[in-house]
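One-based numbering, in listed order, for ligands and for the atoms of each.
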Amino acid sequence: MQNLWNEFEAAEYQGDLQQRVYTSRLLGRDKTLVMHGGGNTSVKITAQNILGEEEELLYVKGSGWDLEFIEAAGFAPVRLAHLVRLAQLKELSDPAMVNELKTQMTSASAPTPSVEAILHAVLPFKYVDHTHSDAVIAITNTAAGEQRIREIYGDTVLIVPYVMPGFDLARMCADLVERYLTDKMIGMVLLNHGIFSFGATARESYGRMIDLVGRAEEYLRTRQAWDVTMPEPLEDVPAHVNDIVRLRDGISRAAGAPMILSTQCDAKSRAFARHPDVARLSRQGPATPDHVIRTKRVPMLGLDINGYSNEYKKYFDVNDKLSRVRKTMLDAAPRVVLDPALGMLTIGRTAKDAAIVRDIYDHTIDIILRATALGGYRALPEKDIFDVEYWDLEQAKLRGGGRPPVFTGEIVLITGAASGIGRACVDSFLARGAAVVALDINAAVATLLDRPDYCGLVCDVTDEASLQRALEQAVLRFGGLDMLVLNAGVFPQSCNIADLQYEEWWRVMNVNVDAGFSLLRLAYPILKLAPKGGRVVVIGSKNVPAPGPGAAAYSASKAALNQLARVAALEWGAERIRINTLHPNAVFDTGIWTPEVLETRARSYGLTVAEYKAKNVLKVEVTSRDVAELGAEMCGPLFAKTTGAQLPVDGGNERVI
Ligand code: ZN
């Protein structure tokens with residue numbers, strides 16, 4: 001545990017709330033303390049209200065904010081006196097509690113206060129920090145957890161048995177604080193949940209958190225439970241792309257929607273998936289209950305999706321009967337898969353969700369192994385996990401965004417994606433929720449975007465082995481392929497047939513036709529298993545219906561590609577794969593339209609460049625974005641019953657009409 005407090009940095013944060021912002025960010029930087037919206041912090045500040053009266057406010061982390069990037073606006077100001085009185089109620093339902101938290105805020109635009117707000121309020125300290133520290137959880141999640149905590153901290157912390165977060169926990173803490181809090185205490189350990197620290201200043205409270213967690217780590221170290229090694233797997237089993245694609249198909253069915261499957265290729269994940277004791281280690285439950293909404297209670301071992309789903313249904317039925325209010329079952333698909341051959345896969349509705357599951361499970365593995373080294377990992381009973389999984393307030397976190405974008409959970413591969421129409425397609429598909437695999441011979445494609453739903457791969461589309469590798473990458477990274485945009489192409493300099501060299505002819509054919517043929521052929525077995533049916537968009541050209549003089553190789557290649565697409569539409573229709581072609585014309589913001597090419601083409605029509613650009617019926621300029629947006633729509637529900645079609649996107653062309 002490293003104390004990251006820095007005098008110079010801290011000096012930039014003036015005032016109580018800003019200091020709160022600073023040390024919250026310090027906590028957020030350490031992923032062994034908090035991850036993905038976990039943990040929360042607060043500060044109590046006296047302020048004057050609009051009537052000139054002094055009022056004590058609790059500034060507590062708002063939901064939806066990550067500690068690492070929190071700002072002052074991420075803290076919700078709530079009237080402290082009211083919160084303290086609420087803690088004295090015998091009972092308060094979740095919706096009523098949330099209503100109280102919201103209506104007692106003094107800023108209408110502040111985020112909804114954390115559900116742990118009342119707990120923060122009853123702790124009589126100016127600053128309160130709360131994390132779900134890996135080390136502390138590893139220790140509490142053992143048979144003698146409470147005893148070990150006493151051994152480590154003596155009488156410097158208050159120990160709180162597990163109670164579901166929310167009002168009941170706050171009420172219990174209020175009671176324990178009143179009865180047992182002493183001057184010696186600098187924190188509070190919540191068994192199977194996490195740890196609190198408190199202090200008079202932001203620095204003191206943060207420093208105590210680091211100190212307390214540091215002692216937990218030290219305890220693990222001295223008991224040889226810190227650097228835990230796993231047995232080396234005997235041999236490396238290569239991942240089978242087809243198995244992953246089939247698995248995604250099955251999991252998407254179980255989930256009722258297309259899912260992203262991300263294969264974890266790091267040594268730790270692979271070793272854990274093939275651990276001789278993986279069944280016993282992984283089947284006990286999550287490290288802390290709030291992970292359940294991301295990871296489900298247990299991972300799926302092996303590839304029996306029906307078996308997993310049935311078990312999940314049983315778990316739901318048993319625990320639903322024990323609940324006061326009837327719940328609606330969530331999907332029964334796993335979020336973590338551990339398989340000896342495929343290794344570890346993490347699953348989500350989006351690539352971002354799958355990455356969150358990966359982060360959480362990565363820490364879960366550490367916690368399980370360390371607790372095991374201490375004598376045995378022990379998670380909470382099923383019912384406690386169920387209560388959090390089906391807690392309205394947790395469900396609300398997942399529902400947050402409303403209706404998901406149309407391609408959520410789907411994957412598109414786009415060729416020639418570094419510039420022009422291909423680059424515009426990347427944006428159009430990302431905007432509709434798809435994960436994008438972008439291919440280009442230009443190395444810039446690899447670093448075009450830095451986000452979990454983007455994977456840029458340098459690839460020469462005329463090299464079949466490179467295409468094969470790119471598809472494997474797509475499957476490892478996201479689990480499959482639903483859509484394909486055949487966009488990569490070359491547009492050579494104008495040249496009459498009599499002067500056209502054989503090599504040039506074949507070069508154009510190679511990129512514009514052969515590469516399309518290869519990719520279609522290689523992608524077919526994957527597209528066939530796309531949960532909503534495969535879709536292909538071919539970027540053709542106006543030159544197909546209306547060729548131009550001096551463009552023999554280009555026009556012939558695009559016509560051949562077009563015909564290939566039509567035959568594919570016939571052959572693959574029964575397997576729900578739709579293939580449609582767009583015929584753009586005069587899209588000038590693409591890589592192939594260098595000023596020289598533009599000028600030569602214009603001259604061959606006897607026009608100026610300006611005239612040539614506006615040469616269409618509607619007198620409009622067609623941009624890459626226009627083409628990309630239409631291409632994306634052609635993969636959507638509007639075109640669900642269209643295949644083998646050719647659609648011009650050219651502003652209207654007299655020779656085509
Ligand atoms: Zn918590």
Distance-only criterion, 3.5 Å: show the donor-acceptor pairs between side-chain atoms of residues 170-184 and protein atoms not counting sequence neighbours.
residue	atom	partner	partner atom	Å
R171	NE	L89	O	2.9
D175	OD2	R179	NH2	2.8
T182	OG1	K184	N	3.4
K184	NZ	D155	OD2	2.8

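Salt bridge D453/K352: absent, no basic N to carboxylate O contact under 4.0 Å. R215 has a carboxylate O that lies under 4.0 Å from a charged side-chain N of D211, or vice versa, which qualifies the two as a salt bridge.
Judged as a side-chain hydrogen bond (donor to acceptor under 3.5 Å, both in side chains), the pairs with a partner in residues 82-91 (not counting sequence neighbours) are, in order, H82-E100.
Counting only N and O atoms by type, the side chains of T41 and S24 include a donor and acceptor under 3.5 Å apart.
Applying the ring-ring contact (aromatic ring centres under 6.0 Å, His included) criterion to F198, with sequence neighbours excluded, gives F125.
Note on the Zn ion (ligand 1): protein N/O/S atoms under 2.8 Å are H130 NE2, H132 NE2, H193 NE2.
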